[in-house]
There are 2 protein chains.
Amino acid sequence: MQITRQTEYAIRTMLELALAPEGEVLSTRYISERQDIPEDFLKKTIKLLALADLVVTQRGTGGGVRLAKPADQITMLDIITAVEGPISLNVCLSPAYNCPNQPTCPSKQVFQRAQEALVAELKRQSLADMVKSM
Amino acid sequence: MQITRQTEYAIRTMLELALAPEGEVLSTRYISERQDIPEDFLKKTIKLLALADLVVTQRGTGGGVRLAKPADQITMLDIITAVEGPISLNVCLSPAYNCPNQPTCPSKQVFQRAQEALVAELKRQSLADMVKSM
DNA sequence: ATAAAGGGGACAAAAATTATCCACATTAAA
DNA sequence: TTTAATGTGGATAATTTTTGTCCCCTTTAT
């Protein structure tokens, strides 16, 4: 019940990008050195962020990464979801899962509510808010 | 960011115990068959529940397991914590962890709040509530 | 005594996570 | 137009966590 290290990497990367001058790109190597993240692993992590439209990448000399939208339009939930997929506190909450104990499973509802509370909080704070508090 | 299968086993076990007649013990084997849980793995899981004072075990012939207290005094949070230890959505929230970015880490606060919301919900519903909803 | 329980430690298997390597495609600049 | 800097993608390895199994022990009612 914990975010993975990769998600931590993603959060730190997004903070780094949010702090960079508007429109400027940062290279993966630069970020990996600043944040002490294995470069090749970071590449894949950034790819996930790009697929989720949180960052834009630019290939070639002078290329790199930048935020795809203003920091106040990106939430912690966005980042976590980009890396880990949709949050589901219990397997039974995954969309794909077909619970064999349906419909009498009493724990599903508990997890459903807990998850909603969690998601609401993660959605509440934006990357911009986080940067402000630094 | 998901409870483990072992925690699922623990929840199902607690529900099974909550449904048993007051004061009666159920054997690990019985529970493992009813709930389709590997017996030796269940033994360890039950041991964790016993260490957390959620169940009482009785050795010897006719022995088994029963709830250590009324079902309305046991919460989902109690069960999760018994198996997985204290919830910490991010390593940086673990009591033992000493964050190298302290005290300027902006994500810690976000996780702190999210975790509190989650914990509050998990604490809200008791085993008794869950049984009622079956 | 005996058999039916739980207790505990070692270990194995499986799954998930993290990390590394390398060949390739793109692009700006020399 | 070559070159070097950069992201892309796939394969694979290493590590860690989770899950499962085995086996011998202790306790206890009959």
Side-chain angles (χ1 to χ4, degrees), chain A residues 1-13 16-17 20 24-68 80 82-85 88 90-91 94, chain B residues 1-13 16-17 20 24-68 80 82-85 88 90-91 94:
Chain A
M1 185 103 78
Q2 192 168 84
I3 62 165
T4 65
R5 180 140 67 195
Q6 186 175 29
T7 303
E8 251 287 318
Y9 291 163
I11 294 168
R12 303 222 303 269
T13 295
E16 189 80 37
L17 293 175
E24 184 171 307
V25 300
L26 304 182
S27 74
T28 299
R29 166 155 303 148
Y30 173 81
I31 298 171
S32 83
E33 280 167 1
R34 288 263 303 176
Q35 293 290 334
D36 194 32
I37 301 172
E39 186 178 349
D40 279 315
F41 192 54
L42 180 57
K43 281 184 185 175
K44 298 186 178 170
T45 307
I46 287 175
K47 182 64 186 171
L48 293 176
L49 294 172
L51 285 173
D53 287 319
L54 300 184
V55 302
V56 170
T57 57
Q58 167 72 45
R59 289 164 81 149
T61 304
V65 192
R66 62 177 173 80
L67 294 186
I80 294 174
V83 178
E84 305 190 3
S88 71
N90 194 346
V91 269
S94 303
Chain B
M1 185 101 80
Q2 192 169 85
I3 62 166
T4 64
R5 181 141 67 196
Q6 186 174 31
T7 303
E8 252 285 320
Y9 290 164
I11 294 167
R12 302 222 304 268
T13 296
E16 188 80 38
L17 293 176
E24 184 172 307
V25 301
L26 303 183
S27 74
T28 298
R29 165 155 303 149
Y30 173 80
I31 298 170
S32 84
E33 281 168 2
R34 288 262 305 176
Q35 294 290 333
D36 194 30
I37 301 170
E39 184 178 351
D40 279 316
F41 193 53
L42 180 56
K43 277 187 189 177
K44 297 182 181 172
T45 307
I46 286 175
K47 181 63 186 171
L48 292 175
L49 294 172
L51 284 173
D53 286 319
L54 300 184
V55 302
V56 169
T57 57
Q58 167 72 45
R59 288 165 83 151
T61 303
V65 192
R66 62 177 173 81
L67 294 185
I80 294 174
V83 178
E84 304 190 2
S88 70
N90 194 346
V91 269
S94 302

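We name chains A, B, ... by the order of the sequence lines, and we start the count at 1 in each one. Quantities reported herein were computed from a predicted structural model and do not represent experimental measurements.
For the OP1/OP2 pair of D:dT16 and a distance below 4.0 Å, the side-chain nitrogens and oxygens of A:Arg5 include no atom meeting the criterion.
Across all strands, B:Gly63 comes closer than 4.0 Å only to sugar-phosphate atoms, never to a base (heavy-atom distances). Nucleic acid contact class of A:Lys44 (heavy atoms, under 4.0 Å, all strands): base.
Judged by distance alone, with hydrogens and angles left aside, A:Arg59 brings a side-chain donor or acceptor within reach of the base of C:dA25, the pair sitting under 3.5 Å.
Picking from C:dT18, D:dT21, C:dT27 the nucleotide with the shortest atom distance to the side chain of B:Pro38 gives D:dT21. Out of D:dT19, C:dG6, D:dG7, the shortest distance to the side chain of B:Lys43 is found at C:dG6. The side chain of A:Lys47 lies closest to D:dG9 when the candidates are D:dG9, C:dG6, C:dG7. Counting only heavy atoms from C-beta on, A:Gln6 has its side chain closest to C:dT18 among C:dG6, D:dT19, C:dT18.
Taking atom CD of A:Glu8 as the reference point, atom C1' of C:dT18 lies 14 Å away to the nearest angstrom. Between B:Gln2 atom CD and C:dA15 atom C1' the separation is 13 Å, expressed in whole Å.
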Report the C-alpha distance between B:Val65 and B:Thr57 in whole Å, list the side-chain angles of each, state the deciding distance to 0.1 Å, and finish with yes or no for side chain to side chain contact (heavy atoms under 4.5 Å, CB included).
CA-CA 5 Å; B:Val65 192; B:Thr57 57; 4.3 Å; yes
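If you find the closest nucleotide of DNA chain D to A:Leu26 and to B:Thr61, the one lying nearer the 5' end belongs to A:Leu26. Of the two residues near DNA chain D, A:Thr57 and B:Tyr9, the one whose nearest nucleotide lies more 5' is A:Thr57. Mapping A:Gln58 and A:Glu39 onto DNA chain C via the closest heavy atom, the residue that lands nearer the 5' end is A:Glu39.
Looking at A:Thr7, its side chain never comes within 3.5 Å of a backbone N or O of A:Ile3 through a donor-acceptor pair. Side-chain atoms of A:Arg12 come within 3.5 Å of backbone atoms of A:Gln35 as a donor-acceptor pair (strictly under, hydrogens ignored).
A salt bridge does not link B:Arg66 to B:Glu24: none of the charged nitrogens lies less than 4.0 Å from a carboxylate oxygen.
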